[in-house]
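Note that ligands are numbered from 1 as they come in the structure, with each ligand's atoms numbered from 1 the same way.
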Amino acid sequence: MVANVLLRPGAPVDGVAAWDLNGDRVHDGLDWFCQNVTTVIGRLFLRLMFMVVLPLVVSALALAVVEIGDVRKLGRIGLRTLLFSGILSASAVLLGLTLVNLIRPGDALSAEARQALVERNAAGSADVGQKASKAKSVRDIVIDMIPENPLQEMAGAIDGSSKGNGMLAVMFASLFLGAALAAKPAECRGVISLLEGLNSVAMTIIGWAMTLAPLGAGCLIFSIVATLGYEVLVTLAWFAVTVLLGLLLQLVVVYPLVLTLFSRVTPLAFFSKISEAMQVAFGTSSSNATLPTALRVAEQNLQLPRETARFVLTVGATGNQNGTALYEGVVVLFLAQVFGVELSLGQQVMVVLMSILAGIGTAGVPGGSLPLIVVLMRSVGVPGEGIGIIMGVDRILDMCRTVLNVTGDLVVATCVSGDAEEPATERPA
Ligand code: ASP
């Protein structure tokens, strides 16, 4: 019966019911159940994701660079793709962070509820204290960007015990690894295959974790809602509004602006031509699954040169995820507000950089960003279990951010081609 309750999509509501039935405080029996059953299952689910985050990030980032290097023959196109992707991801993250700082959705939680939450995650709250005292200056963050010892940074990246920038340093080391591999692809074929294998192993395990998601995420949500009650739902509503507003602004302001400046297609014509790809992205929550439709739309409706479309959209399906980058930044700052963690300017800069890079390292599958979000949270001192707070709305927000991810790829492809209105017949075969 318990499994029945937890497996249902209404787990947050059940958590509220449990909390409400017991008045203002959590009943001892419910408390025991949360501590020893739901929290344990929830943490096992999270650990399954932690376990593969490092191989996933290292292989995904290095292989993304190798792929870009591989098509150096595309020269200008490769460079312009990087440039546009960088600009769009950075604008998305900055937009999200500005909104989350203005709206401050995490502040909707009362001081008592926050206290209860921090106490529940005692291990995490010890972390919070440690991290707050470890806040670094922007100067040190820049220096630590290149790790002295990548292996040491990797070891400390997950639990936040690294001496340097942790996950950010690992991400930079992976970019260097990819660049070096791309410089000598023939000699390094073995290492590239190894990374491809590692990536596929990590994706397989994430796939297993995702089949457990209804139970694991349900347990995390149950524990949190049973502890905090209705309040958390109000906070969550503000969080969802912040994310949706950020995604909307990127969609109706940033993309049209970039299209007007750098392409010959008008924003209105662009959106009407790609609407099919947007619908598939919304329905599947997966950039990868939308790739065939995006390719068709790019070639047939937007009339982009086939080679350019193929390159930009394939690399972009995992490498250019504007919506995901925005979401990752907002989640980390929102949860920092919820847990009362004050982030210094340096740490916020770190969140921006990590979110952009995490957008590149995120797999284009439903929930692909969740493992990275947990690592990002922990690297700024927010307990990983806190992700349970957003799990209840993650699915719907995943559908929305995937629309942005796919639209962003098509915007980049259009701008890079620069000849969006040229007839299809003039395209290279
Ligand atoms: N579902 C997203 C995509 O496939 C990735 C994520 O943000 O979880 O593009």
Who passes salt bridge (Lys or Arg N to Asp or Glu O under 4.0 Å) against R296, sequence neighbours left out?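 Checked R296 against salt bridge (Lys or Arg N to Asp or Glu O under 4.0 Å); matches are E276.
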Under the rule for salt bridge (Lys or Arg N to Asp or Glu O under 4.0 Å), what residues qualify as partners of R104, not counting sequence neighbours?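 If we apply the salt bridge (Lys or Arg N to Asp or Glu O under 4.0 Å) test to R104, skipping adjacent residues, the hits are D107.
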Please determine if G368 has a nitrogen or oxygen closer than 3.5 Å to a nitrogen or oxygen of ligand 1.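 Looking only at distances, the answer is yes, because the N/O contact criterion of under 3.5 Å is met.
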Check whether any N or O atom of R401, backbone or side chain, sits under 3.5 Å from an N or O atom of ligand 1, and answer yes or no.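 R401 vs ligand 1: N/O contact under 3.5 Å present.
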Looking only at heavy atoms, is any part of V365 under 4.0 Å from ligand 1, and if so is it the side chain, the backbone, or both, or is it neither?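 Within the 4.0 Å criterion, V365 contacts ligand 1 through backbone atoms alone.
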Under 4.0 Å to a heavy atom of [X] - the qualifying atoms of ligand 1, by number:
X	answer
T324	5 (C), 6 (C), 7 (O)
G367	8 (O)
S369	6 (C), 7 (O), 8 (O)
T402	1 (N), 2 (C), 3 (C), 9 (O)

Say whether, by atom type as modelled, one donor and one acceptor occur between the side chain of [X] and the main chain of [Y] under 3.5 angstrom.
X	Y	value
N405	T324	yes
S91	L88	yes
Q347	S344	yes

Using the side chain to side chain donor-acceptor pair (under 3.5 Å) definition, which of the options T414, N322, T407, T260 pairs with Y255?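 Filter result, single survivor: N322.
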Are the charged groups of R189 and E196 less than 4.0 angstrom apart, N to O?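 Looking at E196 together with R189, the answer is yes, because their closest N to O distance falls below 4.0 Å.
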Starting from atom 1 (N) of ligand 1, locate the nearest protein heavy atom and write down its residue, its atom name and how far away it is, to 0.1 Å.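 For atom 1 (N) of ligand 1, the nearest protein heavy atom comes out as D398 OD1, 2.7 Å.
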Distance to 0.1 Å, residue and atom name: give those for the protein heavy atom nearest to atom 9 (O) of ligand 1.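 Protein heavy atom with the smallest distance to atom 9 (O) of ligand 1: S287 OG, 2.4 Å.
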